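In this text the structure is predicted, and so the values were computed from the model without any measurement.
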Amino acid sequence: MITRKRLAAGVCALVATFATGILPAAGTASAAAAPDGQSEQAAPKVDLVLDVSGSMRTADIDGKSRMSAAKQAFNEVLDAVPQEVQLGIRTLGANYPGEDRKVGCKDTRALYPVGPLNRTEAKTAVATLAPTGWTPIGPALQGAAEDLKGGDATRRIVLITDGEDTCQPLDPCEVARDIAAQGIHLTIDTLGLIPDAKTREQLTCIAEATGGTYTSVQHTDQLSGKVKQLVDRAADPVAVPVATNGTASCENAPQLKPGLYTDREKFAEHRSYKVDVKPGQELRASASIGVDRQTNPDYGVLLRAVTAHGREIVRGSEAGDGRTDLISTGLRYPKAPADDSDDKTPETVCLQVSSSFSAPPGVKTDPGLPVELAIDVVDGPGHASDVASFGLGRGWWLLGALALAGLVAGLVWGWISRWRIAVWRTN
């Protein structure tokens with residue numbers, strides 16, 4: 001028994017040794033520094049979009065109407081908005097009480113413009129609201145995107161509604177995808193007040209299209225707490241992705257520096273980007289593809305590092321089968337130091353992102369799926385303990401080590417089994 005425990009411990013230690021050498025590589029591949037010129041972050045912008053349609057009269061949140069609960073939550077949120085956040089409030093369905101659908105579906109306006117917050121003025125504006133008309137979510141999102149235009153700041157729309165859009169065929173989910181395709185780094189978070197199944201489905205789709213979140217709200221304190229959280233999240237310093245456009249070939253691909261980038265990739269498409277790597281440096285890259293619509297079960301993503309002559313250097317890949325929201329892969333490429341220590345001539349490496357998604361009939365494939373590319377270039381491995389310096393990132397050393405470990409474990413296990421059988425026969 002003691003021998004078996006020691007054997008198991010030895011095998012686990014061997015596997016752990018290799019894992020600790022490899023896992024940091026995968027982790028660091030997804031981290032990226034902010035691109036040059038973004039050391040000073042612009043003031044984040046948040047636009048709160050509030051549904052003031054007739055259904056907000058319903059009294060089912062803590063014994064009061066949905067509108068009253070929303071007003072109370074807004075007052076609490078406005079008191080807690082961080083000083084550096086530029087905040088605005090947009091309404092939908094707040095002004096037109098009639099039955100003319102064309103007029104009702106244009107009923108959205110900026111109640112308080114996005115900018116430095118005057119808490120008293122904002123609270124006074126909210127206090128004047130009364131449940132009135134239709135639920136034009138699509139037009140309201142378009143208006144909020146316009147409210148937040150300009151600059152490189154973090155932008156966030158927080159949509160609060162108790163029902164689904166009543167102004168089809170302008171699908172708010174498609175509006176959210178169009179906003180994401182513009183590459184303006186805008187996130188839409190949605191909150192449903194006592195939502196039914198259709199409302200929940202629509203708000204989830206809107207949020208997922210831009211990488212936002214959906215929350216179902218049943219109580220006033222839950223509403224105010226969630227909105228505060230989202231406003232604070234906008235104020236947190238984050239790396240703002242830079243929109244880029246990859247190309248079909250490496251020849252005219254965009255030249256990227258270390259940073260975080262976003263793109264759109266059509267189904268079964270290849271996108272190429274260039275990165276310079278100097279002798280003695282290591283390229284670390286990861287690619288993530290968001291699944292913002294229904295796709296067929298089998299899919300995959302491939303990230304390749306290729307030389308200027310088309311030779312593959314290293315690759316990372318991931319595949320799946322079933323429902324997913326995100327699929328990612330990464331790679332590391334250490335470039336050996338030059339023989340001449342003064343030679344700092346960089347090698348242009350082509351990064352190719354490929355996907356193998358397909359869509360069921362009736363699902364739009366345009367715009368393509370959102371892609372996030374994280375790139376970092378660091379000093380290359382300088383000591384033997386770094387797994388990448390021995391080429392383990394390409395798998396050959398790891399395969400050999402695991403095969404050797406398996407052989408040794410098999411021999412030891414066979415010896416122990418024969419010994420136990422011999423003891424059993426003797427007794």
Side-chain angles (χ1 to χ4, degrees), residues 46-61 64-74 88-114 121-149 157-182 186 188-207 209-210 212 214 216-217 223 227 362 364:
V46 180
D47 208 5
L48 305 179
V49 179
L50 179 60
D51 179 359
V52 195
S53 61
S55 59
M56 291 289 284
R57 299 189 192 97
T58 308
D60 56 1
I61 298 184
K64 52 192 171 187
S65 71
R66 297 173 182 178
M67 191 72 248
S68 298
K71 286 183 177 181
Q72 180 181 331
F74 265 52
I89 302 172
R90 173 170 283 273
T91 61
L92 60 97
N95 302 299
Y96 178 69
E99 298 298 324
D100 189 329
R101 186 172 180 278
K102 287 185 178 180
V103 178
C105 287
K106 295 178 182 177
D107 184 8
T108 176
R109 69 183 179 96
L111 181 71
Y112 186 86
V114 176
E121 289 182 6
K123 286 182 179 180
T124 302
V126 171
T128 63
L129 297 175
T132 303
W134 295 67
T135 313
I137 294 177
L141 293 178
Q142 290 175 331
E146 286 294 322
D147 296 342
L148 296 170
K149 263 192 173 179
I157 295 173
V158 181
L159 170 64
I160 302 133
T161 179
D162 68 338
E164 61 180 320
D165 184 275
T166 56
C167 292
Q168 301 285 353
L170 183 60
D171 185 352
C173 194
E174 290 297 328
V175 171
R177 287 175 183 157
D178 289 341
I179 290 172
Q182 293 172 21
L186 193 157
I188 303 175
D189 298 289
T190 58
L191 289 85
L193 306 180
I194 320 290
D196 57 23
K198 286 185 177 180
T199 301
R200 190 181 305 113
E201 181 181 356
Q202 188 175 81
L203 295 182
T204 300
C205 180
I206 292 170
T210 61
Y214 162 73
S216 176
V217 174
L223 175 60
V227 177
K364 293 184 178 180

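- Annotation: the span from I160 atom CD1 to I157 atom CD1 amounts to 11.5 Å, rounded to 0.5 Å.
- Listed by chain and number, the residues in a salt bridge (charged side-chain N to carboxylate O under 4.0 Å, His left out) with D107 amount to none (sequence neighbours excluded).
- In this structure, a donor-acceptor pair under 3.5 Å is present between the side chains of T108 and R90.
- Within a 6.0 Å sphere centred on CD of E201, heavy atoms belonging to other residues, nucleotides or ligands number 12 at most.
- Nearest approach of A70 to L223, heavy atoms of both residues: CA-CD2, 3.9 Å.
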Intermediate values then yes/no, side chain to side chain contact (heavy atoms under 4.5 Å, CB included), K364 and E174: CA-CA 10 Å; K364 293 184 178 180; E174 290 297 328; 4.1 Å; yes
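- In terms of heavy-atom proximity, L186 sits nearest to A145 at CD1-CA, 4.0 Å.
- Shown here is E99, whose CD atom has no more than 12 heavy atoms of other residues, nucleotides or ligands within 6.0 Å.
- T132 places a side-chain N or O within donor-acceptor distance of the main-chain N or O of A94, the cut-off being under 3.5 Å.
- Looking only at distances, a side-chain donor or acceptor of T210 sits under 3.5 Å from a matching main-chain atom of I188.
- Taking 4.5 Å as the limit, every side-chain heavy atom of E146 sits out of range of all side-chain heavy atoms of D47.
- Tested against L170 for a side-chain contact (heavy atoms from CB on, under 4.5 Å), the candidates I137, V175, L141 yield a single pass: V175.
- Side-chain contact between P172 and E164 is absent, with no heavy-atom pair separated by less than 4.5 Å.
- Between the CG atom in D162 and the CG atom in L191 there is a gap of 12.5 Å [rounded to 0.5 Å].
- The two residues C105 and P139 have their closest heavy-atom pair at O-CG, 3.4 Å.
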Side chain to side chain contact (heavy atoms under 4.5 Å, CB included) between L50 and L92, worked out: CA-CA 6 Å; L50 179 60; L92 60 97; over 6 Å; no
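- With hydrogens and angles disregarded, a donor-acceptor distance shorter than 3.5 Å links the side chain of K71 to the backbone of A127.
- The heavy-atom pair separating G192 from L203 by the smallest distance is CA-CD1, 3.6 Å.
- Here the closest non-hydrogen pair linking A130 and V52 is O-CG1, 3.2 Å.
- For the pair T135 (side chain) and S53 (backbone), a donor-acceptor distance under 3.5 Å is absent.
- Contact check for T161 versus L193: no side-chain heavy atoms found under the 4.5 Å cut-off.
- The backbone N or O of P131 sits less than 3.5 Å from a side-chain atom of R57, completing a donor-acceptor pair.
- Checked by atom type and distance alone, the side chain of T204 pairs as donor or acceptor with a backbone atom of R200 at under 3.5 Å.
- Of the N and O atoms on the side chains of T58 and S55, not one donor lies less than 3.5 Å from an acceptor on the other residue.
- Partners of D165 by salt bridge (charged side-chain N to carboxylate O under 4.0 Å, His left out), not counting sequence neighbours: none found.
- When side chains are defined from C-beta on, C173 does not count as touching Q202, because their heavy atoms never get closer than 4.5 Å.
- The CG atom of L159 sits 10.5 Å away from the CG atom of L48 when rounded to the nearest 0.5 Å.
- Q142 contributes atom CD, which lies 8.0 Å from atom CG of D178 (distance to the nearest 0.5 angstrom).
- Applying the salt bridge (charged side-chain N to carboxylate O under 4.0 Å, His left out) criterion to K198, with sequence neighbours excluded, gives no partner residue.
- With W134 contributing its side chain and G98 its backbone, the two residues share a donor-acceptor pair below 3.5 Å.
- For T190 against A207, the heavy-atom pair with the smallest separation is OG1-CB, 3.8 Å.
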